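Presented below is the structure to which this report refers.
Letters go in sequence order (proteins before strands), and every chain restarts at 1. Here the structure is a predicted model, which is why all the values come from computation and not from measurement.
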Amino acid sequence: AQTVTQSQPEMSVQEAETVTLSCTYDTSESNYYLFWYKQPPSRQMILVIRQEAYKQQNATENRFSVNFQKAAKSFSLKISDSQLGDTAMYFCAKIQGAQKLVFGQGTRLTINP
Amino acid sequence: NAGVTQTPKFQVLKTGQSMTLQCAQDMNHEYMSWYRQDPGMGLRLIHYSVGAGITDQGEVPNGYNVSRSTTEDFPLRLLSAAPSQTSVYFCASSYNSNSPLHFGNGTRLTVT
């Protein structure tokens, strides 16, 4: 089975700092999609950013950007100028087959004032 | 816009009881799926559907049944609840096979 691994169970930074969350995965496919989802205490699952593997340019959404290293099968999320509202669980996920998402174990991020 | 609606938000069952978690979406999405979330394990796929009348098993299907009689609805049935099914359940939908998933707000199920 294909796997997605998030090696940092918890992280904590001060407000306004930059933080990077790590994610690695395995796959035999040449094209695929990767996602980062945010889950705040409200339990909602919110899409943060999406990356298509065939696109070499790293995806960016405002303060959120990724560092996608296809050969290394690495997909890290960088949050710049972190805000208190960024406090949440963050899940890395990869599409496997027809809309089947495989999730990592999650990283609990705390932004301290 | 309602998006993906899950009911109930919370449920407590006794071992052996049955129940149905409801999921409905109003976005005309073909793809729908059910995940369960357990501490330290992320979300795992239970069952999914690529269209009305078509369902298939995910990673952890045992103890769960699904059906997809309409595009809008994708209920998840627990026929005989077990404590191992204590979890948070999410329903999700998407437009096509590579589109981002839209999630419901989850159901917290406790089986005693």
Shared ILVMFWY cluster between I111(A) and M11(A), side chains joined below 4.5 angstrom?
yes

Grouping I, L, V, M, F, W and Y whenever their side-chain heavy atoms are under 4.5 Å apart, do L77(A) and F75(A) come out in a common cluster?
yes

Should Y89(B) and L101(B) be regarded as members of a common hydrophobic cluster, given that ILVMFWY residues are connected when their side-chain heavy atoms come within less than 4.5 Å of each other, either directly or indirectly?
no

Is chain B contacted by the side chain of Y37(A), its backbone, both, or neither, given a heavy-atom distance below 4.5 Å?
side chain

side-chain contact (heavy atoms from CB on, under 4.5 Å) for F103(B) and Q39(A)? Distances and angles first, verdict last.
CA-CA 11 Å; F103(B) 284 87; Q39(A) 186 180 43; over 6 Å; no

Relative to chain A, which segment of R108(B) carries a heavy atom at a distance below 4.5 Å: side chain, backbone, both, or neither?
both

Hydrophobic clustering (ILVMFWY, side-chain heavy atoms < 4.5 Å, transitive) - are V102(A) and Y32(A) grouped together?
yes

Side chain to side chain donor-acceptor pair (under 3.5 Å) involving Q85(B) - partner list, sequence neighbours excluded
none

In terms of heavy-atom contacts, does NZ of K70(A) have more than 12 from other residues, nucleotides or ligands at under 6.0 Å?
yes

Structural part of Q6(A) lying under 4.5 Å from a heavy atom of chain B
neither

Heavy atom to heavy atom, less than 4.5 Å: which residues from residues 43-67 of chain A reach chain B?
R43(A), Q44(A), M45(A), L47(A), R50(A)

Is chain A contacted by the side chain of E59(B), its backbone, both, or neither, given a heavy-atom distance below 4.5 Å?
neither

With side-chain contact (heavy atoms from CB on, under 4.5 Å) as the test, would you mind laying out the steps for L101(A) and Y35(B) before giving the verdict?
CA-CA 9 Å; L101(A) 274 186; Y35(B) 291 83; 3.3 Å; yes

Please answer: with hydrophobic residues joined when any side-chain heavy atoms are less than 4.5 Å apart, are F74(B) and V4(B) in the same cluster?
no

Residues, nucleotides or ligands: over 12 heavy atoms within 6.0 Å of R77(B) CZ
yes

